[in-house]
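Just so you know, residue 1 is the first one in the sequence shown, and it goes up from there. What's counted below: heavy atoms across the whole structure, side chains too, no hydrogens, waters or symmetry copies.
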Amino acid sequence: MKISKKLLALIILISGIIGFLVVLPVHYALEETSTDKFCVVCHEMDPMVIAYNDDIHSGKGPTGVKAKCVDCHIPHDNIAKYVLIKAKNGVMEGWVHFFGDPNAIDWHKNLKNREHFVFDNGCTSCHANVITSDKTSAQAQKMHAHYEKLKGTDKELKCVSCHFSAGHSVGFRNYLEYWKPTYSIYDKKMMEKKIEIKKAFFKDKYTPTKEEEEFMKGDGNKTAGGH
């Protein structure tokens with residue numbers, strides 16, 4: 001059956017409109033769920049949010065360059081993998097937030113496994129020439145050459161293998177201790193520090209969790225800034 005030029009043009013036009021109507025909401029959804037504001041709505045992300053805002057990657061550097069959460073925590077080598085990992089993370093994190101126990105998340109363990117949560121192609125999408133640059137220190141050039149040498153081997157390094165606090169300031173480990181102390185003997189002191197930091201960061205928007213509220217009503221209210 002021979003298709004006329006007019007019918008073919010109509011098919012192409014309709015297909016284009018359908019494609020546009022499908023792609024547009026997907027693109028919009030990706031954009032909206034890739035913002036920092038979307039990523040930080042869950043209270044369990046507070047230590048990451050605060051540590052990020054202390055870091056140069058938050059836009060505080062002299063150039064004003066700002067990295068979004070997805071710039072580091074989602075792979076950028078191809079769009080299919082980007083969407084797949086983003087959807088997978090969204091489902092898992094949403095499930096834990098709404099149906100699981102966010103307070104049970106072991107952030108200390110996650111920090112040790114940081115190579116699985118930060119992607120090198122996210123780093124190099126901004127730091128494009130840092131691996132081969134001769135403008136960095138001699139030690140940096142030596143380590144970057146070592147990084148290149150180990151690529152593809154079972155001893156392969158990741159950017160965060162060395163730059164472990166990149167994106168979340170050098171005080172990130174302290175924040176994790178404030179939120180979830182390694183040793184229970186420090187629970188009270190860490191809770192005081194946690195509330196102090198959250199009040200300073202969120203200011204009048206600070207809303208205590210149930211645990212923080214109970215602490216401030218008890219013996220910790222004087223030292224935690226309660227009234």
Donor-acceptor under 3.5 Å ([X] side chain, [Y] main chain):
X: Gln141; Y: Thr136; result: yes
X: Asn113; Y: His116; result: no
X: Ser165; Y: His168; result: no
X: Lys217; Y: Glu214; result: no
X: His144; Y: Ala140; result: yes
X: Asp54; Y: Ser169; result: no

Query - Evaluation steps, side-chain contact (heavy atoms from CB on, under 4.5 Å), between Met216 and Ile195 - result: CA-CA 9 Å; Met216 288 187 286; Ile195 294 172; 3.8 Å; yes
For the pair [X] and [Y], find out whether any cationic side-chain nitrogen is under 4.0 Å from an anionic carboxylate oxygen.
X: Glu177; Y: Lys193; result: no
X: Glu213; Y: Lys210; result: no
X: Lys151; Y: Glu148; result: yes

Indicate the atoms forming the closest heavy-atom contact of [X] with [Y], along with that distance.
X: Ala104; Y: Lys180; answer: O-NZ, 3.5 Å
X: Met143; Y: Cys162; answer: CE-SG, 4.2 Å
X: Asn53; Y: Ser58; answer: O-OG, 3.6 Å
X: Arg114; Y: Ser161; answer: NH2-O, 3.6 Å
X: Leu157; Y: Tyr147; answer: O-CE1, 3.4 Å
X: Ile56; Y: Gly61; answer: CG1-CA, 3.5 Å

Heavy-atom side-chain proximity of [X] to [Y] below 4.5 angstrom:
X: Tyr82; Y: Val70; result: yes
X: Ile50; Y: Phe172; result: no
X: Phe202; Y: Thr207; result: no
X: Tyr186; Y: Ser184; result: no
X: His76; Y: Phe119; result: no

Once you round to the nearest 0.5 Å, how far does [atom1] of [X] lie from [atom2] of [Y]?
X: Ile105; Y: Glu93; atom1: CD1; atom2: CD; result: 8.0 Å
X: Tyr52; Y: Lys68; atom1: OH; atom2: NZ; result: 10.0 Å
X: Ile74; Y: Lys88; atom1: CD1; atom2: NZ; result: 11.0 Å
X: Glu44; Y: Asp101; atom1: CD; atom2: CG; result: 9.5 Å

Hphob cluster co-occupancy, [X] + [Y], side-chain heavy atoms under 4.5 angstrom:
X: Tyr183; Y: Leu111; value: yes
X: Met190; Y: Ile185; value: yes
X: Met92; Y: Met48; value: no

Requested in this report: For side-chain contact (heavy atoms from CB on, under 4.5 Å), just list the numbers for Lys198 and Trp179, CA-CA rounded to whole Å, side-chain angles, deciding distance to a tenth of an Å, and then say yes or no.
Outcome: CA-CA 10 Å; Lys198 288 182 68 174; Trp179 263 253; 3.5 Å; yes
Requested in this report: Specify whether His127 and His57 have parallel, tilted or perpendicular ring planes, treating 30° as the upper limit for parallel and 60° as the lower limit for perpendicular.
Outcome: perpendicular
Query raised in the report: So Phe99 and Trp95, would you call those rings parallel, tilted or perpendicular, with 30° and 60° as cut-offs?
Result: tilted
Query raised in the report: What pairs with Asp71 under side-chain hydrogen bond (donor to acceptor under 3.5 Å, both in side chains), at least two apart in sequence or on another chain?
Result: none
Query raised in the report: Tyr178 and Asp46: side-chain donor and acceptor closer than 3.5 Å?
Result: no
Query raised in the report: Between His108 and Asp106, is any side-chain donor less than 3.5 angstrom from a side-chain acceptor?
Result: no
Query raised in the report: Under the side-chain contact (heavy atoms from CB on, under 4.5 Å) criterion, do Glu192 and Glu196 qualify, and how do the steps go?
Result: CA-CA 6 Å; Glu192 292 173 359; Glu196 176 189 328; over 6 Å; no
Query raised in the report: Under the salt bridge (charged side-chain N to carboxylate O under 4.0 Å, His left out) rule, what pairs show up with a residue in residues 153-169, not counting sequence neighbours?
Result: Glu156-Lys158
Query raised in the report: Taking atom NZ of Lys66 as the centre, does the number of heavy atoms from other residues, nucleotides or ligands within less than 6.0 Å exceed 12?
Result: yes
**Report entry** Neighbour count above 12 (heavy atom, 6.0 Å) for Lys189 NZ
**Finding:** no
Requested in this report: Run the numbers on Glu212 and Tyr206 for side-chain contact (heavy atoms from CB on, under 4.5 Å), then give the verdict.
Outcome: CA-CA 11 Å; Glu212 292 164 8; Tyr206 167 67; 2.8 Å; yes
Query - Residues that, via side-chain heavy atoms closer than 4.5 angstrom, fall in one hydrophobic cluster with Val118 - result: Val160
